[in-house]
Colleague: 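Take this structure first; my questions come after.
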There are 2 protein chains.
Amino acid sequence: MSNKQRARRGMCYSTPSNRSPAGSEKVDSMEQPRLRISKERATIRHLVEEKMRELIATGHFKPGDRLIERELCETFDVGRTSVREALRQLEAEGLIRTEPHRGPIVTKVSFGEARQLYQLRALLEGFCGAEFAVKGTDEEHRRLFAACEAFAAAAEGKAPTEQLVARKAEFYRCLIAGARNIYVEDMLTSLHNRVSMLRATTMTQPHRLPKSVEEIRDITRAICARDADWARRASITHVEESSKIALQLLSDAEVA
Amino acid sequence: MSNKQRARRGMCYSTPSNRSPAGSEKVDSMEQPRLRISKERATIRHLVEEKMRELIATGHFKPGDRLIERELCETFDVGRTSVREALRQLEAEGLIRTEPHRGPIVTKVSFGEARQLYQLRALLEGFCGAEFAVKGTDEEHRRLFAACEAFAAAAEGKAPTEQLVARKAEFYRCLIAGARNIYVEDMLTSLHNRVSMLRATTMTQPHRLPKSVEEIRDITRAICARDADWARRASITHVEESSKIALQLLSDAEVA
DNA sequence: CGCTGGCGGTTTGTCTGACAATCTGTCATT
DNA sequence: AATGACAGATTGTCAGACAAACCGCCAGCG
């Protein structure tokens, strides 16, 4: 029960310890053309946070589930402090909801709310597309194009779902970054987190993949052509198309 | 130093305890025509949260200031637990920023970021305006109109700044609610919090008031006329106009 | 038979005290 | 003057404690 704890304590909350067994060569020397070594948030609370986000996104915790502090402490083998602070963060992100004195539950997104979610997402991604088209550097355009093709290749090559999700996430990272607006970035990331929660309940439907690929290619083409209006429309269309399917599945699920 | 603490503890964080001394009759029977008794978030961390939000918005804590846990504990006379959890919330809202082992500081918004902030705000408020115009009920329109006139009256009657701010906030509450989109609501609220932080550093400039009133009236007129496009443009214009002034002041302040 | 009210178990909200890890500024050493 | 080490301050985290609120259950009462 507590020997793991003992083990961890003493060396305390140091994540990056003994991950590279022998030396510390490749850790932080030459690498990173950018400024600052990778930020590597190593606090326990951040790890818990991230883990829980993942568990919610993958459906391990389902909407409506109660999250009991003590259980979480045992699961992650950390103290209540860290768990509670992570919960506050997730609460602010909207992934969980806390009723005073009843504890946190995974947020349940109703049909109407899902529609609102997609509506806002369309607005913001349309904005990103348009801004990217206008302000993006050639380098960013190249990167977007590469991400797009990587996703397409994975989709056409019947890659495992997990990889598809990763590639698509990468594409979005590029797209969102292109807007050069940190607030939009934050908010879209938050929205995407909630969408993946939805997706976990509705499951993905593979038959939309080809269309999805085509839509994403269209967005990419529009942006690379620096056509703001086309890019906006293409981005919006993509969100609307996927929202159609998702909402359909959701309403089915809600009845059942 | 700690007798206040002692005093509060023992009866602990019970706000409504022994308010009715003898019996427990009147506790929860008839009252509240609305559904649910007022939510009354009585947890300490919420109070701390709110207080700190206010202190940041009013400029008592200025961008760049370090917030030291122990000091906050003493200031509010609460434990570290509550303070830290409140900090996590504010961090997620973007009002403060925490560097892993250096503690939280009030977020500093650069000129470029401020521009991004206003840009996004224009997008979202334009959306609200348009949606409100289309979907708003007559009742909501009436309420918006009332809020608008209340603000105008306060502005023209040289009311104290505090009241002006309150009235304008009320107007925005109506406007934002009209979009019937909880996500937009959350995000705009968050953006507004950050804007008030900016405003605290740049101060308000009274000579813009008449124009501001006119812009808000225009928004209201457009919405009540159910003209979505007009409403969007009017909302965007209002944000852009105030952003001009704010950015001007900000760039002055940044040099100094 | 249905409702009321009390009882106990569970969980949260909060405080305290402790300690390692990290950061920062200062000061002595070279 | 640059460097490096030490001390003080602050955060990150844990464990333990306890009041308050919630929840389900069961008995008693009309």
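Atoms considered below: every heavy atom in the structure, side chains included; atoms not considered: hydrogens, waters and symmetry mates. Chain letters run A, B, ... following the sequence lines, proteins first, then strands; residues in each count from 1.
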Colleague: Rounding to an integer number of Å, can you tell me how far A:Glu99 CD sits from D:dC22 C1'?
Modeller: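 Going from A:Glu99 (CD) to D:dC22 (C1'), I get 12 Å.
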Colleague: By nearest nucleotide on DNA chain C, pick out whichever of A:Pro104 and B:Val83 is the more 5' one.
Modeller: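 Looking at DNA chain C, the more 5' nearest nucleotide goes with A:Pro104.
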Colleague: Could you check how far CZ of A:Arg70 sits from P of D:dC22, rounded to whole Å?
Modeller: 19 Å
Colleague: Looking at residues at least two apart in the chain, or sitting in another chain, which of them share a side chain to side chain contact (heavy atoms under 4.5 Å, CB included) with A:Thr75?
Modeller: none
Colleague: What is the separation between atom CD on A:Glu74 and atom P on C:dT11, rounded to the nearest whole Å?
Modeller: 11 Å
Colleague: Answer with base, sugar-phosphate or nothing: what part of the nucleic acid does A:Glu85 contact at a heavy-atom distance below 4.0 Å?
Modeller: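 It contacts nothing in the nucleic acid.
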Colleague: Whole angstrom is fine here: how far is it from CG in B:Leu72 over to P in D:dA9?
Modeller: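 B:Leu72 atom CG is separated from D:dA9 atom P by 18 Å.
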Colleague: How many Å lie between CD on A:Glu69 and C1' on D:dA21, as a whole number?
Modeller: 14 Å
Colleague: Could you pick out which residue, A:Arg45 or B:Thr81, lies toward the 5' side of DNA chain D when each is mapped onto its nearest nucleotide?
Modeller: A:Arg45
Colleague: I want to verify a distance call: between C:dT12, D:dT11, C:dG13, whose nearest atom is closest to the B:Thr43 side chain?
Modeller: C:dG13
Colleague: Counting only side-chain nitrogens and oxygens, does A:Arg102 get under 4.0 Å of the OP1 or OP2 atom of C:dT12?
Modeller: no
Colleague: How would you label the contact of A:Leu87 with the nucleic acid (heavy atoms, under 4.0 Å): base, sugar-phosphate, or nothing?
Modeller: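 It contacts nothing in the nucleic acid.
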Colleague: Do NZ/NE/NH1/NH2 and the carboxylate oxygens of B:Glu170 and B:Arg167 come within less than 4.0 Å?
Modeller: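 No.
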Colleague: What is the separation between atom CG on B:Leu47 and atom C1' on C:dC15, rounded to the nearest whole Å?
Modeller: 16 Å
Colleague: How close or far is atom P of C:dT10 from atom CD of A:Glu71, stated in whole angstroms?
Modeller: 13 Å
Colleague: Any carboxylate oxygen within less than 4.0 angstrom of a Lys/Arg side-chain nitrogen, looking at B:Glu69 and B:Arg84?
Modeller: yes
Colleague: Looking only at the side chains, is there a donor atom on one of A:Gln89 and A:Glu93 sitting less than 3.5 Å from an acceptor on the other?
Modeller: yes
Colleague: Could you check how far CZ of A:Arg66 sits from P of D:dA21, rounded to whole Å?
Modeller: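 Roughly 17 Å, once rounded to whole Å.
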Colleague: What is the nucleic acid contact for A:Arg84, judged by heavy atoms within less than 4.0 Å: base, sugar-phosphate only, or nothing?
Modeller: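 Base, at least one base heavy atom under 4.0 Å.
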Colleague: Going by modelled atom types, is there a donor-acceptor pair between the base of D:dT13 and the side chain of A:Arg80 at under 3.5 Å?
Modeller: no
Colleague: What does A:Ser82 touch in the nucleic acid at a heavy-atom separation under 4.0 angstrom: a base, only the sugar-phosphate, or nothing?
Modeller: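 Sugar-phosphate, backbone atoms only, no base.
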Colleague: Salt-bridge test for B:Arg88 and B:Glu91: reply yes if a basic N is under 4.0 Å from a carboxylate O, no otherwise.
Modeller: yes
